[in-house]
Amino acid sequence: MNSLRLRILVSVGFLLLIYLGVAVAVLDDAFRKAALKAEEDRLDVQLISLLAAAVPMDEYRLTLPSEFPEPRYSTPQSGLYAAVFDRDGERVWQSESNIGLIVPWVKTVPVGASDIERLAPDGSSELLSYSMGVTWDFDDGTTRPFTFHVAESLDAFNEQVGAYRRQLLSWFGGVGAALVISLGLLLGWLLRPLARIDDEIVEIEQGERETLSSGYPSELAGVAENLNALVSRERSRGEVYRRTLGDLAHSLKTPLATLRTLLSGDRRADVDRELERMDETIRYQLAKPATRGRLIGTKPFVVKEKTDALLASFEKIYADKDVRYEAEVTDDLTFRGDPGDFMELAGNVLDNAFKRSRSRVWFRATRNDTGEFLLDVADDGPGFPADVLAEQRIERGQRLDEAESSQGLGLSIVAEICELYGATLTLGERDGGGARVLVAVPNP
C-alpha cells in the first residue's frame, strides 16, 4: 500500500473492527444473561403458583387443579410444562401440556434446593427447566418430600436474542461505516497540503513553476522552505555553469566561423552541418556538469527530430559501408530529460551499431504500457563477445573487438547516462545474428 491515506484507513478500520467487535460481544453477552435471568424469574413465579395450587390427598399424595390461570398448562405442547414427583421419583402429577411429549425431568431434587438446567426432549425444541425440592405437611403431622418442575421452551428466548444480535450488528456496522467514511473525508482534508506539495513538485520538475508556494501548515513549512532553497541553489549553480561555459563556447565560435569561410566547394552544406554539430557537441560537453541527468525544470521534447538528424549524419559518415537502416519512431513520441543527454545516449548506441554492422541497422524508439521509454538498436554485425554478454557490463576503454581501432568509450558513456536516469541497459543478441542494445528509461 503506497497510499498514506489508504494505510491510515485500513489501520483504523482494523482497530475499529476489533473494538466494535469486543463491544458487540460484551453487549450481546450482557443482554443474553439479562434475558436468561428474566426467563428464570418467570419460571420461579410459575413454580410458586404451582405450590400455591397444590392440594394434599389421601395416602400422602398431592394433586393440582385441571385448570390454571395460565392456559398454556392445559394446551398440549404449548411450550410451558409442569410436573410433580414424590420422594421415590414417581410422577404424581403433570400438566396436560405434557401430552405427546416426553420431558427428561430430573426426578428428585433435595429438599430446600433448587436447580436450573436446559433439557432437550425428543422431537421438540430446547427447554429451560426450574426445579425445587419441598416438604409437605399433611393433616396427621406426617411430612413427605416432593419435587416440583416447571419448564418453558427457549424458542422465544432464542428469537429475542437473535433479533437483538441482528439489531446490534446493524447499529454497530452502520456506526463503523460512518466512522470510516468520515475518517476518509477528514484525511482528505488533513492530507490536502501533502497532495498540494506533491503537485507543485511535479510542476517544478516539468518547468511549469519556479518554487513551491507558501501557506503550508507549520509541520510542512520547513520542508517547503528547504525544497525551495534546494531548487534555488541548483538553479543558481546551473546558471553559473551555463554563463561560464557559454563564454567558453562563445570563444570557440570564432575559429569555427573562420573554418566555414575558408571552406568552399560542392560539400559546403554538408561541412556546415557537421561544423554545427561540432558546435553543439562542444556546448553540450562543456555544460555536462550543469545539465547531465537534470530533470527539474526540463520539458519533454520530440524524439523524432533528434533521431532523424542522428541517422542522417551516420548515414553520411558510414557511406562507404553502404549501411541501410530501418527506423521506427512516431511523430508524437517525447522524452523528458536533457536533450544533450539523449543525443549522446542515442548517438553512441547508433554509432556502435553502424560501426560494427555489415550492412543493416534497425532502430526503434517507443513507450510501453507502463510508461517506460524504450530505445532498441540492433545490427547484423558480429555481435557482442561472450564475456560482455555474461557480465552485461562495458568497462571504460574496453574494445568490443580487438581487431578494430576503438577507444571503447561509447557504451560505457551510455551506461553512465543510464545510471543517472535510473534506466536499464541490456546487451543481447539479435535474432538472426548481430548485436542488440535495449535501453529502458522509467517514466519520471
Side-chain donor/acceptor of K321 to backbone N/O of K355, under 3.5 Å: yes
Where do V361 and A353 come nearest, in terms of heavy atoms and distance? CG2-O, 3.8 Å
Please tell me whether T370 and N443 have a donor and an acceptor in their side chains that are separated by less than 3.5 angstrom. no
Would you kindly say whether E328 and T366 are connected by a side-chain donor-acceptor distance under 3.5 Å? no
If we ignore hydrogens and angles and just use 3.5 Å, is the side chain of T75 paired with the main-chain N or O of R72 as donor and acceptor? no
So does F301 have more than 12 non-hydrogen atoms from other groups sitting under 6.0 Å from CZ? yes
Throw together a table of side-chain donor-acceptor distances under 3.5 angstrom for residues 174-194, partners on residues two or more places apart or in other chains.
| from | atom 1 | to | atom 2 | distance (Å) |
| --- | --- | --- | --- | --- |
| S182 | OG | A178 | O | 2.7 |

Evaluate the ring planes of F373 and F335, with Trp represented by its six-membered ring, and classify them as parallel (under 30°), tilted (30 to 60°) or perpendicular (over 60°). perpendicular
Using every non-hydrogen atom in the two residues, find where S95 and Y73 come nearest and quote the distance to one decimal. CB-O, 3.7 Å
Taking all non-hydrogen atoms of both residues into account, name the closest pair between Y421 and D338 and its distance. OH-N, 3.0 Å
Lys/Arg-Asp/Glu bridge criterion (N-O < 4.0 Å) met for E159, R166: yes
Taking Y81's backbone N and O only, do any of them form a donor-acceptor pair with N98's side chain (distance below 3.5 Å, no angle check)? no
Indicate yes or no for a side-chain donor-acceptor contact from Q77 to the backbone of G100 under 3.5 Å, with no hydrogens or angles considered. yes
Acceptor/donor pairs from residues 429-440 side chains to any protein atom, 3.5 angstrom cut, sequence neighbours excluded:
| from | atom 1 | to | atom 2 | distance (Å) |
| --- | --- | --- | --- | --- |
| R430 | NE | D379 | O | 3.3 |
| R430 | NE | G433 | O | 2.9 |
| R430 | NH2 | G433 | O | 3.0 |
| R436 | NE | D376 | OD1 | 3.0 |
| R436 | NE | D376 | OD2 | 3.3 |
| R436 | NH2 | D376 | OD2 | 2.6 |

Does any N or O in the side chain of D380 come within less than 3.5 Å of the main-chain N or O of S359, such that one atom is a donor and the other an acceptor? yes
So which pairs with a foot in residues 24-36 pass side-chain hydrogen bond (donor to acceptor under 3.5 Å, both in side chains), sequence neighbours left out? D28-R165, D29-R32, D29-K33
Angle between ring planes, Y318 versus F354, binned at 30° and 60°: parallel, tilted or perpendicular? parallel
Under 3.5 Å, is there a donor-acceptor pair between the S125 and S153 side chains? yes
